[in-house]
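Here the structure is laid out as structure tokens; the discussion comes afterwards.
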Amino acid sequence: MAKTALQFQHNGRDVAIFVDGGTNLLVALRELIGDMTPKFGCGQGGCGTCSVLIDGELHLSCLTLAEMVAGRSVETLDGIKDGPNLHPLQRAFADNFAAQCGYCTPGMLMAAKALLDRNPQPSRAEVVEAISGNICRCTGYEPIINAVLAAASGGRARA
Amino acid sequence: MTRHRGRGIASVNYPIGMNLGGDPSQALVHSNPSGKFTVALSSIDLGQGMKSVTRQICAETLGVPVEDVYVDTADSDTGPHCMGSFASRGTHRVGNAVMAAAREARGVMMEAAAEELEVNAADLETDGRGNIHVKGAPHRSISTKDVAIAAQFKQGKTISGRGIFLVPLSDVDPETGEMSPATCYAHACLVAEVEVDDETGEVDMVRMDSAYELGRALNPRLVEQQLVGGAWMGVSHALYETPEPYYPEPVHGPRDFVEYLMPGPGDICPHDIAVLERPAPDGPFGAKGPGEMCANPVLPAVANAIFNAVGVRIDDLPITPEKVLRAIKAQGGARPQPRR
Amino acid sequence: MLELRKDLFADERDDNLKEIGKGTQRQDMLGHVTGTSPYFDDHKLQGMLHLKVVRSAHSHARLRRIDTSEAERSQGVRRVIRATDVPRNLNTLLSLINFGKDDEPSLAVDKVRYKGEPIVAIVADSPREAFEAIAKVKIDYEPLPAVFDVEEALKPGAPVVNEVYPKNTFTYHETYDRQQLRFGDADRALATADHVLEQRYQMSPIEHAPTETNGSIAAPDTNGRYIVYTSTQALFFSVDTCAKILDVPSNTFHFIGGTVGGGFGGKVDTLTEPLCILGAMLTGRPVRYVFGREEEMQYGPPRGAERIYIKDGVMRDGRVVARKVRAYFDSGAYTRLSSYAAVKCAAHLPGPYTIPNVHGDVYCVFTNRTPATAMRGFGVTAMDFAIECQMDKLAHLVGMDPMEFRILNAYRDGDMKAHRREAKNTALIECVQVAAEKAKWPLREEFKRMSSRKDGGGIRAAVPSTPRESHAPPVTPSQPRTTYDRAPAASREPPPPPPAPPSPPRPSAPSHGATRFSSVFGTRRR
Amino acid sequence: MPVTVKTFTSTHDAAAALSSDHSARYLGGGTLVMRALNEGDISISTVVRASDQAMTRVDASGSRITLGAGVTFARILAERDLAFLHAPARSIGGPAVRNMGTVGGNLFAPVPYGDFTVAMLALDAVVSVQGGLGGREIALEEFLQSRDRQAGTLVLAISFAKPGSADAFRYRKIARIKPKGGAVITLAAHLPVNGSRIVGARVALGSMAPTPIRARAAERALEGRALDASAINSAASAAVEGTSPGDNALASAWYRREIVGVHLRRLLSGQE
């Protein structure tokens, strides 16, 4: 069976891969590009740990047909650092101890980034809404909410 | 429509480590020639902080800064045997094994330092900042790095240590159940406040106040992670979760995170926590283990709070709106109890 | 918000420490926030194959015929693994510590005992091709009557779930159908108590729901070994379980794990590793076996359900004088770890209280559902729910404040616990006091002054006279748990002697004149 | 066999491809079809897409509103003219699902999904479909009754009259999990008022039957009356009439029947 050629921007870099029909973006990123930051959690759209930004919008890579990102820009957690420097959200997650097992963290960070990119000063309710598609089984969400609020206010102090 | 508030409490204890003991864990600690230490374990970090807490235990025991220690977990070729990460045994069992290994390694390190400083090892102490000096004479000092280099290249010593911790297996009397289940216990008491809608049976969490006694909070931030996340899981168990909603009838089992109910970020409530420390005689620096017991008091505290709010006892988990509503209807309406 | 109460028990601690007690950043935090922490599935291996299992459509059925011929010819299929391909296709997890009998196959042989039980494994080039082959496996089932309720399972004539345990209960001490706890004379104390309250509690099963599902990747390594990346919570448990099932020395494997996306007890069972390694052995290629989310939720083991009956005697002054508990762990179709939890549960009775008469019977019961396993608070969570709801009802019954009621009954240093060990290092009273303070819950002065370190022991340190029961056999072998190793395949245990008959599941009728409460709380009867 | 992806510029060609291949499914936002593929649904072997821009068009300027089937919930939330639909759009999934999920796909989403369709049903929406033989318009209620047979047709758009006032349309999703949870039940009401009387009341319910349904008895109780306590109470008591809810993981049929009237009363009286 013929594979389909696919070109897109991955964290600002042009990439070209060949995909089988029906391949989802999560598999394409992990297995064909080698970007392991988006995780598989359900394949159903329920956990958000595979979240990526497509043209700046939050999407679930496991429910995205890889071919649909042709010519578009895909941003993953692997791309949010500024060189060796952590993104303010990454710093805030660390400062607020907002990760335990760490498996939901990539998706949480992308969901939070999608929020702050559009709304740099969100309310707590807006933060709650922004991460509502992401499941965390460890933290009870409170430190994650605090981390996003801390990153938004630019401060590092605990909320 | 009326919403009623109520408060309920529960107090619990929890045994630390595998029941009856017989669950050993081992650790290996060694230094590289720069005086940096590696802890080799086969224990698992599944988010509870195994790597971090054993790192602090090792650093404290060696007398070096935490930055000088790195914990490598879960490689069956390099990490010695460990029963596994369960039964609240990580901090207690693995922590003790790491302590034993670090103590042995520290002994060699102090001997090597003594040889370099030409003093008796018993007269030396660590400053916790990477130096070893003569007690009462801080100027007669050598860095752990220089000790490591000397041990490796001059003295031919390995700065390393082996540790194991084993609580011997207890017998169980089949007739009376006489046994030694655990060597120490953590404790907790939690107050839950809820609001119950008497027309729909919906229960909202209002707040929680709690006290947890954990022997020693080796790292208060990690303890907080467990207690906050664990209480969330307790609420989840109390009000939401089940893979068999019609148990024991095996029907309508959830298949995804929409059907499997767990509180979302909009369902959480403030939780004020106090941590008490009554050191366990056999815990590493007195520590017990907060990981498992943190959820337990929440379930009954929530059930008891619902009774206080509307006067119904739900003895069947999870306490769904349906069960609350059925019980309210069966008693002819909400019967709020005296406000506590 | 977390507050450290350093003022309490300060005389028992040396707080002059350098690293301990600091809120040091987690060693793994940088890895977590950069997405570089290595989970098992983050290993990309050349030419990886994908393993999926065919699961039973029935809760209980005989397997008449399994036809895999069409599946074997299906596109992309590298290997179909059947029960006969598994070297030692019968295991129980705790056999590593000599506890229990092998009762569970990796792939079902003659019958299936729960819906979703693995029957055949498919190893294919892609997940899609594995799914297509699964649809081509033809299984001829003969459905059998199933039992789902723990008390139904104990009735005579109930369907036998697992022939290794024909009474549908785990066998303790090679004889008993339950773990007992006997301390004092609960029946006599109940007869003289001011109030008696008997209640039924039901804990639901719980899914661990870690964000990372169970899984492993196994690959042939150099020099005839196999490298295995795994989500296990217990590395050597998994190594040794695989060595036993695959009948090879444990150093055949190089297991790598240690960074796991949540477990909560759901990753102790070595669910994927044996078949994954077998797939690698049979194909000579790397094989990946990862649970889908629905598989994780429905066929991955849950925290087991528990049904608990508690009958308490309490005096008007609030002292609990007797506690009688009967608990049933719903183990599902196989033992896994439920047998262990029942002993832990018995040890936990009667909760953190000093009660002079305690009587416990804890059963591990087999039903036709997904086998249960450990979960956070294993053996205790459900019992704490039951005990603490019961304590609240008792306080209400005698008209006491529930906090003060707990302080009154709390165990203290020097007290004798029901498993006949002295209580030491207790701190329940202080927890209640501090929680009350935090919650602004008023306590009377005398209760504020009470202490775990005062007024324990003395008469409370005694082991009360405990009547022997007539049904008990004269010989009482000790717990058959001794070593961590595996017995040679030849030395299978002989069939066990018939277990003692289960006690009747229904509460016995009131037999004395004290004030009683029916099982519906608050309905007073004479 | 790998899946074949066929992308067409014309909806006509896409519809023809769909109707000629029983293993073909139309891929909208991916939340249904990609999930099915991920979970091993081998009945799907062809995925059909259409790049026609009409599929993503929003026409909200006049009194009749038309939403292309490919319009996402995020897009609706970005349209000020569609403010009355923001509550149902926001009740779908989390932000990522709203960026992906479409109005057309929601018509096919089984319980406990498909909340937006409940809102559409209360607005008497009409579905434009393109079959193998041609296009036609079907009332949404009729479309839902025959939904199982619609897999081979391509939904192009959905249209409905804009409510006369912001107050005339009400929507509420009862979920256990906040802010994103599956529906226990979903309620939508369109109550156009002429003078002080309701004319053409529409009440739609989700999770009270296998597909969203209209609560006709509740509608009758409101028709021609002012929206006062008495009318609201009659509608609330009648809400359960004609429904056939099922048990599922989120709630039982019993519970749904018990609370549907309570929540309808709260919705109509503006209570939380």
Side-chain angles (χ1 to χ4, degrees), chain B residues 9-13 19 42 44 46 51-52 55-56 59-60 66 73-77 81 84-85 128 171-172 174-179 181 187 189 191 209 211 213 218 220-221 224 241-244 248 253 255 272-276 278-279 285 292 296 299-300 303-304 313 315-318, chain C residues 1-5 8-9 13 18-20 23 26-27 148-149 173 181-182 201-207 233-237 239 254-258 260 263 294 298 302 344 346-347 352 376-377 381 384-385 388-389 392 406 419-420 427-428 431-432 434-435 438-439 472 476 478-479 521:
Chain B
I9 86 142
S11 59
V12 303
N13 69 343
N19 192 54
S42 71
I44 309 290
L46 31 87
K51 295 169 189 171
S52 310
R55 187 186 189 202
Q56 276 173 269
E60 182 75 47
V66 77
T73 57
D75 183 315
S76 66
D77 276 9
H81 174 264
S85 292
D171 274 351
V172 181
E175 184 62 23
T176 63
E178 176 172 358
M179 60 178 129
H187 301 88
C189 178
V191 182
D209 289 283
E213 186 280 311
L218 299 178
R221 300 302 301 273
E224 185 176 23
E241 289 186 52
T242 175
E244 296 201 45
R255 297 158 294 186
D272 217 347
I273 302 169
V275 167
L276 283 59
R278 185 173 193 194
F285 301 99
E292 286 192 284
N296 291 351
L299 286 69
N304 295 337
R313 294 283 186 190
D315 296 332
D316 228 326
L317 291 170
Chain C
M1 240 192 14
L2 184 138
E3 174 200 12
L4 279 173
R5 288 293 300 265
L8 295 160
F9 304 113
R13 283 192 318 268
K18 293 196 168 66
E19 299 294 346
I20 294 301
R26 297 174 63 107
Q27 183 184 292
F148 298 109
D149 184 278
H173 314 285
L181 186 79
R182 299 289 184 269
Y201 299 92
Q202 178 72 52
M203 176 84 196
S204 171
I206 301 279
E207 156 61 19
Q233 263 181 264
L235 198 79
F236 273 96
F237 232 105
V239 167
H254 180 189
F255 270 48
I256 297 175
V260 176
E294 183 176 348
Q298 287 299 312
K344 184 173 172 186
R376 197 179 203 172
T381 303
D384 276 350
F385 171 71
E388 288 303 301
C389 288
D392 207 59
R406 283 170 174 84
H419 56 260
R420 297 165 190 247
L428 193 77
C431 283
V432 177
V434 172
K438 281 218 130 18
T476 55
S478 67
Q479 192 71 4
F521 177 73

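These numbers come from the heavy atoms of this one structure, side chains and all, not from hydrogens, waters or symmetry mates. Everything numeric in this text was worked out from a predicted model, so none of it was measured. Chain A is the first sequence line, chain B the second, and so forth, proteins listed ahead of strands; every chain is numbered from 1.
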Once you round to the nearest 0.5 Å, how far does CG of B/N296 lie from CD of C/E388?
10.0 Å
Most contact-rich option vs chain C, by heavy-atom pairs under 4.5 angstrom, among B/S85, B/P318, B/P279, is B/P279
Point-to-point distance, once rounded to the nearest 0.5 Å, from OG1 of C/T381 to CD of B/E292:
7.5 Å
Sub-4.5 Å side-chain heavy-atom contact between C/M203 and B/L299:
yes
Using non-hydrogen atoms and a 4.5 Å limit, figure out which bit of C/P302 sits close to chain B: side chain, backbone, both or neither.
side chain
Top contributor to chain B interface from C/E294, C/E3, C/R376 [non-hydrogen pairs under 4.5 Å]
C/R376
Can you tell me how far apart CG (C/L181) and CE (B/M179) are? Round to the nearest 0.5 Å.
6.0 Å
Between C/C431 and B/L276, is there a side-chain heavy-atom distance shorter than 4.5 Å?
yes
So CG of C/D384 and OG of B/S11: to nearest 0.5 Å the spacing works out to 9.0 Å
Go through B/D316, B/T242, B/L218, B/I44 and name the one with the most non-hydrogen pairs under 4.5 angstrom from chain C.
B/I44
Applying a strict 4.5 Å limit to non-hydrogen atoms, the region of B/A303 in contact with chain C is side chain
Shortest non-hydrogen contact from B/R221 to C/G23?
CG-CA, 3.6 Å
Among the listed options B/G128, B/G84, B/C189, the residue most often paired with chain C at heavy-atom distances under 4.5 Å:
B/C189
I'd like to know if the side chain of C/E19 and the backbone of B/V66 have a donor-acceptor N/O pair within less than 3.5 Å.
yes
For the CD atom of B/E244 and the OG atom of C/S204, what is their distance to the nearest 0.5 Å?
7.5 Å
For chain B, which candidate among C/A234, C/A346, C/A439, C/G263 shows the most heavy-atom pairs at distances under 4.5 Å?
C/A439
Looking at every non-hydrogen atom in both residues, tell me the closest pair between B/A274 and C/R5 and how far apart they are.
CB-CG, 4.1 Å
Please classify the contact of B/V191 with chain C as side chain, backbone, both or neither, using a heavy-atom distance under 4.5 Å.
side chain
To the closest 0.5 Å, what do you measure between OG1 (B/T73) and CG (C/L235)?
9.0 Å
The interface call for C/R26 against chain B, heavy-atom contacts under 4.5 Å, is both
Closest heavy-atom contact between B/D75 and C/H254?
OD1-NE2, 2.7 Å
Do C/D392 and B/R313 come within less than 4.5 Å of each other through their side chains, counting heavy atoms only?
yes
Closest heavy-atom pair and its distance - B/E241, C/I206:
OE1-CG2, 3.2 Å
When B/H81 is tested against each of C/F236, C/F255, C/F237 for ring pair (Phe, Tyr, Trp, His ring centres under 6.0 Å), which residue passes?
C/F236
Side-chain contact, heavy-atom cut-off 4.5 Å: C/C389 with B/N304?
yes
Chain B contact via C/V432 - which portion, at a heavy-atom distance below 4.5 Å
both
Give, as side chain, backbone, both or neither, the part of B/R55 having an atom under 4.5 angstrom from any heavy atom of chain C.
side chain
Ignoring hydrogens and geometry, is there a side-chain-to-backbone donor-acceptor pair from B/T176 to C/R182 under 3.5 Å?
no
Considering all heavy atoms, the nearest C/K438-B/D209 contact
O-OD1, 3.5 Å
Does the side chain of B/S76 come within less than 4.5 Å of C/I256's, by heavy atoms?
no
